[in-house]
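Accompanying notes for the structure given below.
In listed order, ligands and their atoms are each counted from 1. The figures that follow rest on heavy atoms only: side chains count, while hydrogens, waters and symmetry mates do not.
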Amino acid sequence: MRSEHVLSQLTVEKFTEKIIKEVKNNTGKTIQDAQDKEIYYAIASIVNEQIIPQWSETNKKYEKINNKQVYYLSLEFLVGSLLESNLLNCGMLDVANQTLQKLGLNAEKIYAKERDAGLGNGGLGRLAACFLDSLASLNYAGHGFGIRYRYGLFEQRIIHGNQIELPDNWLKDLYPWETRREAEAVCIHFRGEVDMLKKNDGNLEFKHKDTDKVMAVPYDIPVVGYQNKVINTLRLWSAEPVGGDQQDSITEEGSKYYQELDHQHSIEQISGFLYPDDSKLEGKELRLKQQYFLVSSSLQTIIKAYKKNNQRSLKYLPEKAVIQINDTHPTLAIPELMRILMDEEHLSWENAWNITTRVIAYTNHTTLSEAFETWPVGMMEYLLPRIYMIIDEINERFCKGIWFDHEVLRDEIPELAIIADEQVHMARLAIVGSFSVNGVAPLHTEILKKQEMKHFYTLFPNRFNNKTNGITHRRWLLKANPKLSELISDVIGPQWIHRPKQLISLVKYSSDAAFLEKIAQVKYENKRILADLIYDRNGIVVDDQSIFDVQVKRLHEYKRQLLKVFHIIYLYNELKLNPNMDITPRTFIFGAKAAPSYHLAKEVIKLINKVASIVNNDSTIRDKLKVVFIENYNVSLAERIIPATDISEQISTAGKEASGTGNMKLMMNGALTVGTLDGANVEIKKAVGDANIFIFGLTADEVLNYYEHGGYSAMDIYNTDDRIRTILDQLNKGFGSDEIEFKDLYYNILYHNDPYFVLKDFEPYLETHEHVERVYRDKLRWLQMNVTNIAYSGKFSSDRTIKEYATEIWKIKQV
Ligand code: 26W
């Protein structure tokens, strides 16, 4: 496919020539002698040659038309690999693949040489990356601002069944997609003193002095739109010592030299590593520094760009810029923008507030109370004295406003105040200082409005809105599953690539036996590939005809990997009692990282591996069950697991998973969801209809009701259900090894009353899986369901999500 919008018009001959030349120039080698990694770099530089001129064209165009732009601020961008997706978006992937094939090279192996940019924990970070892809592909002027962590999310190793974390040294080799732009570095100020001066006009002036200074140096990564010549920017900030002061450290005293080195090191630490915890707030000062570092550098840049392009007062900033903050992590954007407008641009409080609250919009991604961010007043005041003063004033004015204007809420002030209990409550600040607060799926948004943020909803009903998450179909279908993509295009044409909702045309083919047979074949081939990967990595032979039953996501109690494990143990116990039981062979596949300090989550990993070793090595099971834990689950692995999945496990305790996005990726690849009515599962069910999804378990209302009024007893279930008692006793006894291995899991369920209702949902979960198996045996029916899921997945493209943000929140136009 070749069109005027495709960036590159290279032919296979030209591409061949270029690769040979690049390899020669960079390494002195011929292509035959070059290593895969060297070829990877050669291709990356060919791609860059195409991208870079177009990048500056895009920037010039944006300057010229001077439309409003959106800036997406996020502590996380889980980008994954870029070579193949850049090739795809530039329209060069086919040519590159053909060239490599012609040269007798293995494209897949070469692309796999790229290290994932793992600058995110999970859903929130990957969402940010999908959004950037959609922004660029839909011709929106939208850019990301984040941190160039020297170390991304840890690499996971499993040793004796336990998770071990290793540093992710992703920048060890040159990263070909980034450009350092030293000229655009900015200075960030921490600590110091604030002087308050009274000016002649009676107004106050604030001078922040004696600060610790840190340079924020940007590294820009191009974000390539899909065959539309748009290249946006992901700007990642790196922390460096301020240059030029080196003279100060020239001294005869050795100690000062060491002090200086220490100091430099502590500065570099600001962008040193990504915090790997997505389960609870760590409250570390370094994390707060990271947040301010991101926010201040990004805002300084945004203001600078505005001033360069607009010779008008900053009063008009909201016409040119909108800032979306990804969860509360960048909430300091609110006081930082206030500071710049007042202290540097000399606007009044009222004007600055008016501008700020028309520029900032906030997305919430979780209702788990452990994850709600608060920072100790003392820490904030010491690290960011001027910022704290501004927050204090915002709080004062806000609380006064409630007292005088909203009498009904007077009693709620302690729960609304931004500063309370010696803590700064970031979500409260984010709501008060922004014009939009959105949840990420309808159920989640309702929970925010009716429970978590109900008083704020009373105050600001118009601020709250929903934007259901999405995923980029370009990476998660077109790139990750080329065989399925080709098959789809063969029957309905390629229009779906530009308009993913057109996947709906597949519905017409859902009873076409020949087409269904091809769908089955594609799934089978993808399963074969995954089976090979599993054999290579785990040494486990899995049956490629078995049901691939997959749960891949961060490890969290609320996501209930434990429920899945209980299902496996139950089946195993049944098979031991009745070896001739008629069951369809299953392969259970897990991928999950646990936060390093999350003890119970790590216990679950250990349990999965324990169960795997028992089940896989028991000859009486005769390969009817296999359990695989794939180490170091990340974006690249997801791209290989998802196309090979039959069953997508989305089994969180209802009300706990804000949206989920893995559920969408799996659906789009034809997997069938076994899920609770939680997050976006509810929307998937609405899209495909009850007959094409397997729903079970408590509803969010029922869960809430138990939390509020009691009435649930895990112990009662233990005492009355033999299957459950057997499993829990097995945990308690370490599966006969007499170790105390899984006692904590056992105690948590029985003596903390099973906070995530694993036992309560166990029986309906088993029944659902029995139903799954019956349907699976009806091959035609199963395939129809697969196709129906693919057909209705277009709605979950992040293109839809981004269009909603653009029209309803950002008010920006396509360029
Ligand atoms: C402060 C520690 C911390 C760090 C990150 C707590 C919580 C987080 C994130 C909010 C966790 C997260 O990634 N949330 C996920 O966001 C996805 C994108 O909206 C949703 O699909 C997931 O349901 C939600 O868990």
Ring geometry between F762 and F566 (parallel below 30°, tilted from 30 to 60°, perpendicular above 60°): perpendicular
H425 and F372 aromatic centres sub-6.0 Å: no
May I have every N or O pair linking ligand 1 to the protein at under 3.5 Å, one per line with atom names and distance?
unit_1: ligand 1; atom_1: 13 (O); unit_2: L124; atom_2: N; d: 3.1
unit_1: ligand 1; atom_1: 19 (O); unit_2: H365; atom_2: ND1; d: 2.6
unit_1: ligand 1; atom_1: 19 (O); unit_2: N469; atom_2: OD1; d: 2.8
unit_1: ligand 1; atom_1: 21 (O); unit_2: N469; atom_2: OD1; d: 3.4
unit_1: ligand 1; atom_1: 21 (O); unit_2: G660; atom_2: N; d: 2.8
unit_1: ligand 1; atom_1: 23 (O); unit_2: E657; atom_2: OE1; d: 2.6
unit_1: ligand 1; atom_1: 23 (O); unit_2: A658; atom_2: N; d: 3.3
unit_1: ligand 1; atom_1: 23 (O); unit_2: S659; atom_2: N; d: 3.0
unit_1: ligand 1; atom_1: 23 (O); unit_2: G660; atom_2: N; d: 3.0
unit_1: ligand 1; atom_1: 25 (O); unit_2: Y558; atom_2: OH; d: 3.2
unit_1: ligand 1; atom_1: 25 (O); unit_2: E657; atom_2: OE1; d: 3.0

Aromatic plane relationship, F77 with Y72 - under 30° parallel, 30 to 60° tilted, over 60° perpendicular: perpendicular
Y275-F273 aromatic ring centre distance below 6.0 Å: yes
Centroid-centroid distance, F131 to Y805, less than 6.0 Å: yes
Contact check, side chains of D646 and D549, non-hydrogen atoms, under 4.5 Å: no
